[in-house]
There are 2 protein chains.
Amino acid sequence: MPCEGDHASGRSAYGARRMTTQRRVIAQAVDETRGAFTIDELASRVRRMDRTTGTATVYRAVAHLEESGWVERVGERGGSALYARCGAEEHHHHLVCTGCGRIEPAACPLDAGLAEEAERAGFLLTDHEVTLYGLCAACQTETRRG
Amino acid sequence: MPCEGDHASGRSAYGARRMTTQRRVIAQAVDETRGAFTIDELASRVRRMDRTTGTATVYRAVAHLEESGWVERVGERGGSALYARCGAEEHHHHLVCTGCGRIEPAACPLDAGLAEEAERAGFLLTDHEVTLYGLCAACQTETRRG
DNA sequence: TTGTATGCAAATGGTTTGCACCTAT
DNA sequence: ATAGGTGCAAACCATTTGCATACAA
């Protein structure tokens, strides 16, 4: 449960930038979206809330939201970038449901053993990405039914 | 060391498809490239070897090489897809040098503990991606010098 | 007021595709 | 012979950008 200062319509998601009607609506649209979304999907939802908001503004806003860590890029789908707001604060990775696009935070599986292996190869690790794919409980049920 | 049937100019990389001059040159160009490459970079190298090969052909050939597992997509750089031939046969991931683009195969760090965690969240894992970034030995030296 | 933000439309750039012409098999 | 491959150029499409206008602070 986000505190007020962290609410979708609050300003912290955009850092010190000016708050505008469009940015408020975009942040709220993200907050109402469960799972991953493309810019185009988000723009559609935004347009339903505020007819006048242009696509370029959505692109610019999401870039800011990503910069502040409020949303994360979690891959791509059909040539479009995928974003999600999973809400985790600390270092984490993602569990992606390939059925419905739902995103859950996942713990980091990298341990000392792996770092050692990298060192053995002469590498100095600086960053990493881990993404798990699967079916969430609901989609498993759906699969059994269908 | 690849056996003859698996050589760059051999046909196995393209499966049962017809072997052509262009495909032979493209596979050889990939084989001569150390580290990751974009289609554009590969196309340049190919053009140096055979003036007439078009970019579309390189795109089509790489799609086939990826399909056969001869090359792998290992991320993107500046909006372009990145590919690499790391040569590992079994399940593996990648160690990417952010300095020179060199790619090394890396063991899979996913263990039973992680699977359990996913199950606890109700997920049924079906796939995953792990990519490690860092500096290879040569680039570390380079960094210290520069 | 005034520096930012927005909308629109045009530009960008990677990738794909249609088509008439080649060429392995 | 003929199904499949190629080059070229045009088409596609997600994303970015220039610019005149609108607006938060």
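Chain identifiers are assigned alphabetically (A, B, ...) following the order of the sequence lines, protein sequences preceding nucleic acid strands; residue numbering begins at 1 within each chain.
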Original post:
Any donor-acceptor pair under 3.5 Å joining the side chain of Arg60(A) to the base of dG7(C)?
Top reply: yes

Subject >> Nearest heavy-atom neighbours spanning Tyr83(B) and Val74(B) >> reply: C-CG2, 4.0 Å

Protein-nucleotides 9-15 of chain C N/O pairs closer than 3.5 Å?
unit_1  : atom_1 : unit_2   : atom_2 : d
dT15(C) : OP1    : Ala81(B) : N      : 3.0
dT15(C) : OP2    : Tyr59(B) : OH     : 2.7
dT15(C) : O5'    : Tyr59(B) : OH     : 3.4

Subject >> Shortest non-hydrogen separation from Ser68(B) to Ala13(B) and the atoms involved >> reply: OG-O, 2.6 Å

Original post:
In whole angstrom, what separates Phe37(A)'s CZ from dA14(D)'s C1'?
Top reply: 16 Å

**OP:** Return the value, rounded to whole Å, for the distance between atom CZ of Arg24(B) and atom C1' of dT6(D).
**Re:** 15 Å

Subject >> For the student: nearest non-hydrogen atoms of Leu135(A) and Gly99(A), plus distance >> reply: CD2-N, 3.7 Å

**OP:** Provide, to the nearest angstrom, the distance between the OH atom belonging to Tyr14(B) and the P atom belonging to dG4(D).
**Re:** 18 Å

**OP:** Please determine if a side-chain N or O atom of Thr52(B) lies less than 4.0 Å away from the OP1 or OP2 oxygen of dT6(D).
**Re:** no

Original post:
Distance check: side-chain N/O of Arg17(B) vs OP1/OP2 of dA3(D), anything under 4.0 Å?
Top reply: no

Original post:
Honestly curious: do Trp70(A) and Ile103(A) fall in one hydrophobic cluster under the side-chain, below-4.5 Å linking rule?
Top reply: no

Original post:
Hey, is the side chain of Gln22(A) poking within less than 4.0 Å of OP1 or OP2 on dG7(C), counting only N and O atoms?
Top reply: yes

Subject >> Check ion pair Arg73(B)-Glu66(B) (N to O, under 4.0 angstrom) >> reply: no

**OP:** Kindly say whether the aromatic ring centers of His93(B) and His128(A) come within a distance under 6.0 Å.
**Re:** no

**OP:** Give a yes/no on whether any side-chain N or O of Thr20(A) is located under 4.0 angstrom from OP1 or OP2 of dC23(D).
**Re:** no

Original post:
Is Glu32(A) salt-bridged to Arg45(A), cutoff N-O under 4.0 Å?
Top reply: yes

Subject >> Rounded distance (Å) that lies between atom P of dT23(C) and atom CZ of Arg23(B) >> reply: 14 Å

Original post:
Rounded to the nearest Å, what distance is computed from the CZ atom of residue Arg47(A) to the C1' atom of nucleotide dG7(C)?
Top reply: 12 Å

**OP:** Measure distances between side-chain N and O atoms of Arg18(B) and base N and O atoms of dT25(C), and say whether any donor-acceptor pair falls under 3.5 Å.
**Re:** no

